[in-house]
Each structure stands twice: as structure tokens, then as C-alpha cells.
Protein chains: 2
Amino acid sequence: MRKKDESKKIKIESAVADIILEEGADAVSTVKVAKRVGISQSNVYLYFKNRDAMLLSVYSREIEKIKDTGNFNQLNNHDISLTERIRGYIKGVYEFSLAHPQSLSLIQQIKYLLGKADETPFPDTDQPTDSTVTALLTEGVKAGVLKPLPINVHMSLVFSVIHTHTLNINKGRYTENQYSFDDFYAFIWGAMAK
Amino acid sequence: MRKKDESKKIKIESAVADIILEEGADAVSTVKVAKRVGISQSNVYLYFKNRDAMLLSVYSREIEKIKDTGNFNQLNNHDISLTERIRGYIKGVYEFSLAHPQSLSLIQQIKYLLGKADETPFPDTDQPTDSTVTALLTEGVKAGVLKPLPINVHMSLVFSVIHTHTLNINKGRYTENQYSFDDFYAFIWGAMAK
DNA sequence: GTTGACAAAGATAGCCCTATCTTTTATGGT
DNA sequence: ACCATAAAAGATAGGGCTATCTTTGTCAAC
């Protein structure tokens with residue numbers, strides 16, 4: 001009896017992630033992945049049922065990173081003020097995005113490819129995190145803390161502003177410490193707050 | 001001498017646009033396009049040099065729509081106050097987006113596919129409009145009217161908020177008159193203004 | 001009506017791709 | 001050391017795609 005090399009699964013996922021970031025999600029193929037990892041194309045199918053399963057696996061991997069960040073635990077802790085919790089959400093996205101520069105890009109691209117394109121890619125629709133955030137922002141609107149605009153407008157604002165900033169750093173347009181979280185928080189909060 | 005049917009070029013462009021909106025830009029192929037238009041696949045090459053030329057043509061078509069809107073003429077008219085011009089820019093994007101619901105999606109997708117992925121898709125990088133907007137916002141930052149954050153952060157805010165709103169309407173989540181321009185302007189301006 | 005020119009369709013070479021089926025190779029258990 | 005078993009590689013069927021080259025069809029001028 002021979003043991004399956006579980007580290008290979010991770011290598012495959014890394015290759016998939018690299019291809020997505022370099023060429024886009026639609027460019028991911030078992031052929032290319034196998035070539036990068038240095039295995040045969042058919043071998044990929046021992047670790048993943050099919051091409052979509054590979055993509056989904058990378059997607060889950062990134063979602064896990066978000067959950068592991070732990071910044072979102074306090075989101076429905078009602079001992080903390082609503083405003084503070086919203087600030088916590090924004091800070092959570094901000095710090096996560098800096099800590100995992102490509103994560104949001106990966107999630108965005110995979111989600112789009114798998115057809116769930118219309119939702120803001122952060123946090124995930126299928127995961128508990130997302131409904132928590134939606135609930136938080138809905139509460140904010142109802143309480144008159146946030147402007148009465150659609151929740152996904154609020155969410156896409158947070159996402160796009162922070163993601164653009166992170167991409168800028170990633171592309172070397174400026175360094176991380178050139179701007180502080182408070183700069184972006186003031187920007188975002190200025191829009192959201194009633 | 002026989003005349004080439006120029007209306008066919010337009011039909012092809014429409015087919016390309018439809019495919020992009022239904023299946024994404026990478027799903028566009030000469031085979032699919034020909035099938036939709038009802039012509040042979042090779043016939044497509046009489047009207048377009050290659051696949052990318054088709055996409056680029058649709059891209060230009062959408063950019064033209066923006067320019068024809070005419071809302072951006074006053075952007076560097078210094079008889080108008082800086083604040084008013086910025087408001088004019090936002091209003092221009094807003095009205096254009098409502099008048100041409102799929103335009104921003106098309107531009108975004110094609111631009112991404114052709115590798116210029118990092119810029120905000122509105123207005124275009126290669127066209128005079130874009131540099132005008134950049135200049136306007138840069139002026140706003142320098143004059144202390146806008147928060148001192150990267151220009152593309154300001155731009156991506158405007159784009160993503162309005163685009164999300166337009167998509168919502170398009171998907172039937174709510175109707176156009178449920179929110180006014182002023183609602184969104186207040187939202188956007190709250191972020192941008194210093 | 002004949003013919004030249006060009007549009008349109010057809011056919012094809014040459015890619016890349018997925019998913020499965022078959023063969024080879026390596027290893028853990030005895 | 002052997003061998004069963006599962007991993008790894010190989011081979012292949014079948015499909016979609018691009019771009020070009022060839023053939024057919026049609027119109028306009030003469």
C-alpha cells in the first residue's frame with residue numbers, strides 16, 4: 001500500500017493560484033497546472049475530481065484565511081457599540097487585505113468564473129461571515145447610523161477602496177506606510193455614515 | 001463589384017456584446033459569434049482581423065457612447081468651480097451608467113481581458129476623457145478639496161458605487177426611481193471631500 | 001449574357017483542452 | 001524478497017478554438 005502525497009495537493013493549489021494571478025482564472029487548465037507542479041496531467045485527477053474542483057479548493061483555502069484572521073469574531077457582539085463593530089469590520093477587511101495581498105483578487109476571480117459574479121467578493125456569500133456582515137450593515141441602516149442605501153453598495157465601497165489600495169501597494173505605486181488605516185477609514189466612513 | 005455589408009459588422013459587435021454579458025469576455029469566439037449572426041465562421045474574418053479586434057471594436061464602441069454623452073465637456077472649464085466640476089463628473093458617470101446599463105460591464109470585462117486590468121475602467125485610459133478626469137481629481141486633491149488619497153482610489157469609489165447600483169437595477173432588485181442621484185452623490189462626496 | 005471581382009461558405013491544419021482508460025512504477029506490509 | 005495495491009505516467013477519444021486557404025456564389029459593369 002502506497003500513501004498519497006498530501007503535500008502535492010497544496011502544490012497544485014499554489015500553482016492554480018499563481019496562474020490565476022498571472023493569467024486570470026479562465027486560463028487555469030490541468031495541463032498548465034501539471035506542468036508547473038512537475039507531474040503528469042492525469043495525476044491531477046487523483047487529487048481533484050475535475051478542473052472546477054481545483055478552483056473551488058483554492059477559493060475555500062482563501063476563505064479559510066479570512067476566517068482564521070479572527071477579526072470578524074466581534075461583529076455580532078452586542079456589548080460593543082454598532083459604530084465600533086462597523087469600524088471593526090472595515091479594519092478587518094483592511095488588515096486582511098494587507099496581510100494577504102492576493103487573496104481578494106483570487107476570491108474575486110474564482111467567484112466570477114464560477115458564475116456567482118454579482119455579489120461583492122468579500123466576505124463570502126456561502127459562508128457564515130457574509131451573512132454576519134450583511135446583518136451588521138442592515139442593523140446600521142435601520143438604526144440610522146448608516147445612509148439608507150443598498151447593503152451591497154456599502155459593501156462594494158469597502159471592498160473596492162481597500163482592494164484598489166492594496167493593488168497599488170502590490171504594484172509598487174507606493175509603500176504601505178504612506179497611508180494609515182485611519183486615512184481610509186475616514187474616507188469610507190464619510191460615505192457610509194448618515 | 002460587390003459591396004460589403006457594413007451592417008453585418010454591427011451585428012457581429014452586438015453578438016460579441018451579448019456573449020460577453022451572458023458568458024464573460026473569455027467565452028467570446030468566432031465560432032459562437034458566427035452562429036449567433038447566422039454566418040460562417042470564416043466570414044467573421046472579413047470584418048475583423050482577428051478575435052481581439054472584435055473585442056477591441058466593441059470596446060471602442062462603448063467608449064464612443066461615453067464621449068457622445070457630452071457630460072464631460074465641462075470638466076476643465078475653469079469658469080465653473082472645482083467642486084461643481086467634480087460633481088459634474090460624478091453626475092456624468094451616474095447618468096451614463098443608467099442610460100447604458102451594460103456599458104460599464106462591457107468596458108470592464110474587455111479591458112480586463114486585454115490585460116490592462118489594473119486601471120479603473122471608467123473613463124478609458126487611452127482616451128482623452130481619462131486624463132481629463134485624472135487631472136480634475138488631482139487638482140481637487142492639491143486644492144485641498146478632496147482627501148489626499150490616491151487618485152485611482154477616488155475613481156474606483158465612484159465607479160464601483162455607481163456600477164453596483166446600476167447592476168442592482170438591472171437585476172431587478174429595485175427600480176431606478178427608488179434612489180435619487182443626490183443620495184449617491186451624498187454618499188460618494190462624503191468619502192471624497194476633505 | 002459574359003466576366004471580373006469580391007463576398008460568403010467550406011474545408012482543413014494545428015493548437016489546447018478535459019476526462020477517462022490503460023500501463024508502469026514504487027512502496028509498505030508480510 | 002515478494003507482492004498486492006495504489007500512485008504516477010502514458011495514451012487517447014472527443015471537443016472547441018483560431019486562422020488560413022480553397023471553392024462557390026452573386027452582383028455590377030460592360
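Computed from a predicted structure; not experimentally measured. Hydrogens, waters and symmetry mates play no part in the numbers below; they use all other heavy atoms, side chains included. Residue numbers start from 1 in every chain, and the chains themselves are labelled A, B, ... in the order their sequence lines are given, proteins ahead of strands.
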(message) Please pick, from D/dA8, C/dC17, D/dA19, the nucleotide with the shortest atom-to-atom distance to any side-chain atom of A/K8.
(response) D/dA8

(message) Distance check, rounded to the nearest 0.5 Å: B/L167 atom CG versus B/S160 atom OG?
(response) 11.0 Å

(message) So if I take every side-chain heavy atom of B/Y47 and compare against D/dA8, D/dC17, C/dA7, which nucleotide ends up nearest?
(response) C/dA7

(message) When you measure only distances, ignoring hydrogens and angles, does the side chain of B/Q41 come within 3.5 Å of the base of C/dA8 through a donor and an acceptor?
(response) no

(message) Could you tell me how far apart B/I12 (CD1) and C/dA7 (P) are, to the nearest whole angstrom?
(response) 13 Å

(request) In whole angstrom, give the distance that lies between atom CG of A/D26 and atom P of D/dC17. (result) 14 Å

(request) Take atom CD1 of A/I39 and atom P of D/dG10, then tell me their distance rounded to the nearest Å. (result) 12 Å

(request) Grab the CZ-C1' distance between A/R51 and C/dA19 for me, whole Å please. (result) 13 Å

(request) Looking at every strand, decide which applies to A/K49 at a 4.0 Å heavy-atom threshold: base, sugar-phosphate, or nothing. (result) nothing

(message) For the CD atom of A/Q109 and the OH atom of A/Y59, what is their distance to the nearest 0.5 Å?
(response) 13.0 Å

(message) Would the base of C/dA8 count as contacting B/S40 through its side chain, where contact means a donor and an acceptor less than 3.5 Å apart?
(response) no

(request) Take atom CG of B/L46 and atom C1' of C/dA5, then tell me their distance rounded to the nearest Å. (result) 13 Å

(message) If I take atom CD1 from residue A/I162 and atom CG from residue A/L104, how far apart are they, to the nearest 0.5 angstrom?
(response) 8.5 Å

(request) Compare the minimum distances between each of C/dA19, C/dC17, D/dA9 and the side chain of A/N43, then state the nucleotide with the smallest one. (result) D/dA9

(message) If I take atom CZ from residue A/R87 and atom CH2 from residue A/W189, how far apart are they, to the nearest 0.5 angstrom?
(response) 10.5 Å

(message) Please confirm whether the shortest side-chain N or O distance from A/T30 to OP1 or OP2 of C/dT18 is below 4.0 Å.
(response) yes

(message) I want to check a possible cation-pi pair here: B/K9 against B/F48, using under 6.0 Å from ring centre and within 45° of the ring axis as the test.
(response) yes

(message) Base of C/dG10, side chain of B/S42 - is there a donor-acceptor contact under 3.5 Å?
(response) yes

(request) Measure from CG on B/N50 to C1' on D/dT20 and round the result to the nearest Å. (result) 13 Å

(request) Figure out the CE/C1' separation between B/M54 and D/dT18, and round it to whole Å. (result) 10 Å

(request) For A/I19 and C/dC16, give me the distance from atom CD1 to atom C1', rounded to whole Å. (result) 13 Å

(request) Classify the nucleic acid contact of B/F48 as base, sugar-phosphate or nothing, counting any heavy atom under 4.0 Å across all strands shown. (result) nothing

